[in-house]
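Computed from heavy atoms alone, side chains included, the values below leave out hydrogens, waters and symmetry copies.
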Amino acid sequence: MSQTVDRALSILPLLAQGPADLGQVADRLGVHKSTALRLLRTLHDHGLVYRQQDQRYRLGARLFALAQEAVENLDVREIAHPHLVTLNEQIGHTVHLAVYEESEVLYIDKVEGRYPVRMYSRIGKPVAITVAAVAKLLLADLPEHERRAIAEKLDYPMYTSRSTPNAAAFLKELAAVRDQGWATDLGGHEESINCIGAPIRGAAGRVVAAMSVSAPNVVVTAEELLTLLPLVRRTADAVSREYSGSVTPH
């Protein structure tokens, strides 16, 4: 099995040099044409290689999309982190950064609040997609047909009495988030935790990540937390500008 994977992966750097036909791939791998064809078909099924009309193979668009996604997610965390730390130092609350990947919204960075109450969130862990502020921001930016398809497939657990109850309510909230450019989760996941968030945009204006500030209501009320929204949005805008390359970071 590992030899098969090794051979399949060896095809990618070969095709990175330019399109190649079946015979060239087989010769380079030192295998029979039937073996090379089987490997190429598997890579083709995954979108990693593409067969042209002249029967030569080249690297597939899916490979570029994966590479782009990896670069963006690595970059956005690296660029955002100092901003998240600065915001955390200013306000003392927990700050999160999240991205949408493979039908899940995942935290990719977290700066803990300066008080003993700890959030259960962890880097790499999926968020509660129907209630979390970061999830609303990331899904709100998708085209309407995608939003609708996702909303209709989701389950709607009632974590609290304030949780989003169904697809219709979720779509209505996503439309509002899309218009206003920010989102909240006021006790929708845990009764005692409130959260506000803002989007981080790439060069094309699409939302590539979302950041949020969360605090327990024993530390700050929902109304008090909402007064921090302009600061959270300014921080997200600063990350967006740096990420999209529209300003040179100092």
Side-chain angles (χ1 to χ4, degrees), residues 1-81 97-110 122-127 129 134-135 137-139 141-150 152-154 199-210 239-240 242-246 249:
M1 177 58 115
S2 60
Q3 187 184 40
T4 305
V5 174
D6 184 63
R7 282 174 172 165
L9 293 176
S10 298
I11 293 171
L12 300 177
L14 166 63
L15 298 184
Q17 297 167 16
D21 62 27
L22 179 61
Q24 290 170 313
V25 172
D27 289 348
R28 179 64 69 91
L29 295 180
V31 297
H32 196 271
K33 278 187 180 181
S34 61
T35 303
L37 182 60
R38 196 165 61 246
L39 295 171
L40 283 163
R41 277 183 176 157
T42 301
L43 291 171
H44 183 272
D45 288 345
H46 287 274
L48 301 179
V49 306
Y50 178 78
R51 193 173 71 169
Q52 301 178 160
Q53 286 188 332
D54 64 3
Q55 305 306 305
R56 291 189 305 163
Y57 292 85
R58 61 170 170 78
L59 293 180
R62 174 79 177 136
L63 191 63
F64 297 107
L66 286 170
Q68 185 65 26
E69 203 171 284
V71 166
E72 283 180 358
N73 290 341
L74 286 172
D75 279 354
V76 76
R77 182 180 175 184
E78 194 176 322
I79 289 165
H81 187 73
L97 182 70
V99 294
Y100 180 59
E101 236 179 51
E102 305 293 335
S103 304
E104 289 184 322
V105 175
L106 304 167
Y107 289 124
I108 58 169
D109 204 359
K110 177 183 182 182
R122 287 202 311 273
I123 293 173
K125 187 180 173 186
V127 313
I129 200 164
V134 287
L137 288 158
L138 289 157
L139 296 183
D141 189 61
L142 297 174
E144 189 182 359
H145 66 93
E146 278 187 54
R147 268 182 279 157
R148 190 166 295 281
I150 290 165
E152 286 167 1
K153 278 192 293 190
L154 290 172
I200 292 165
R201 298 180 185 275
R206 296 301 306 272
V207 174
V208 295
V239 177
S240 298
E242 196 173 317
Y243 175 77
S244 64
S246 56

(message) Using a 6.0 Å cut-off, check whether atom CZ of Arg28 has over 12 heavy atoms from anything other than its own residue.
(response) no
(message) Atom CD of residue position Glu146 - does it have more than 12 heavy atoms of other residues, nucleotides or ligands inside 6.0 Å?
(response) yes
(message) Quick check against the 3.5 Å criterion: does Glu78 have a side-chain atom that pairs as donor or acceptor with the backbone of Asp75?
(response) no
(request) Could you walk me through whether Lys125 and Lys110 pass side chain to side chain contact (heavy atoms under 4.5 Å, CB included), step by step? (result) CA-CA 11 Å; Lys125 187 180 173 186; Lys110 177 183 182 182; over 6 Å; no
(request) Check step by step if side chain to side chain contact (heavy atoms under 4.5 Å, CB included) holds for Val207 and Tyr100. (result) CA-CA 10 Å; Val207 174; Tyr100 180 59; over 6 Å; no
(request) Verify, without hydrogens or angle tests, whether Glu242 (side chain) and Ser240 (backbone) share a donor-acceptor contact under 3.5 angstrom. (result) no
(request) Starting at CG of Leu48, measure out to CZ of Arg62 and round the result to the nearest 0.5 Å. (result) 7.5 Å
(request) Verify the neighbour count for atom CD of Gln3: are there more than 12 heavy atoms of other residues, nucleotides or ligands below 6.0 Å? (result) no
(message) Let me confirm one number: the CZ-CD1 distance from Arg77 to Ile123, rounded to the nearest 0.5 Å.
(response) 4.5 Å
(request) Quick one: pull up CG in Leu139 and CD1 in Ile150 and give me the separation to the nearest 0.5 Å. (result) 5.5 Å
(request) Pick out which of Leu37, Ile11, Val49 makes a side chain to side chain contact (heavy atoms under 4.5 Å, CB included) with Val25. (result) Ile11
(message) On a heavy-atom basis, which atom in Arg201 and which in Val208 lie closest, and how many Å separate them?
(response) C-CG2, 4.2 Å
(request) Measure the spacing between CG of Leu40 and CG of Leu29 and express it to the nearest 0.5 Å. (result) 8.0 Å
(request) Starting from the C-alpha separation in whole Å, work towards a yes-or-no answer on side chain to side chain contact (heavy atoms under 4.5 Å, CB included) for Asp141 and Arg206. (result) CA-CA 7 Å; Asp141 189 61; Arg206 296 301 306 272; 2.8 Å; yes
(message) Please give me the minimum heavy-atom distance between Gly202 and Ser244, naming the atom from each residue.
(response) C-CB, 3.7 Å
(request) Considering non-hydrogen atoms only, spot the tightest contact between Leu59 and Ala16 and give its length. (result) CD1-CA, 3.7 Å
(message) If we ignore hydrogens and angles and just use 3.5 Å, is the side chain of His32 paired with the main-chain N or O of Ser34 as donor and acceptor?
(response) yes
(request) Work out which heavy atom in Ala98 is nearest to a heavy atom in Val105; give both atom names and the distance. (result) CB-CG1, 4.0 Å
(message) Give me the atom names and distance for the closest heavy-atom approach of Ala209 to Leu97.
(response) CB-CD1, 4.0 Å
(message) Please report the interatomic distance CG(Leu106) to CD1(Ile129), rounded to the nearest 0.5 Å.
(response) 9.0 Å
(message) Between Leu43 and Leu63, does the side chain to side chain contact (heavy atoms under 4.5 Å, CB included) criterion hold? Intermediate values first, please.
(response) CA-CA 10 Å; Leu43 291 171; Leu63 191 63; over 6 Å; no
(request) Answer yes or no: are there more than 12 heavy-atom neighbours, outside Arg41 itself, under 6.0 Å from its atom CZ? (result) no
(request) Output the distance between atom NZ (Lys33) and atom CG (Asp27), rounded to the nearest 0.5 Å. (result) 8.0 Å
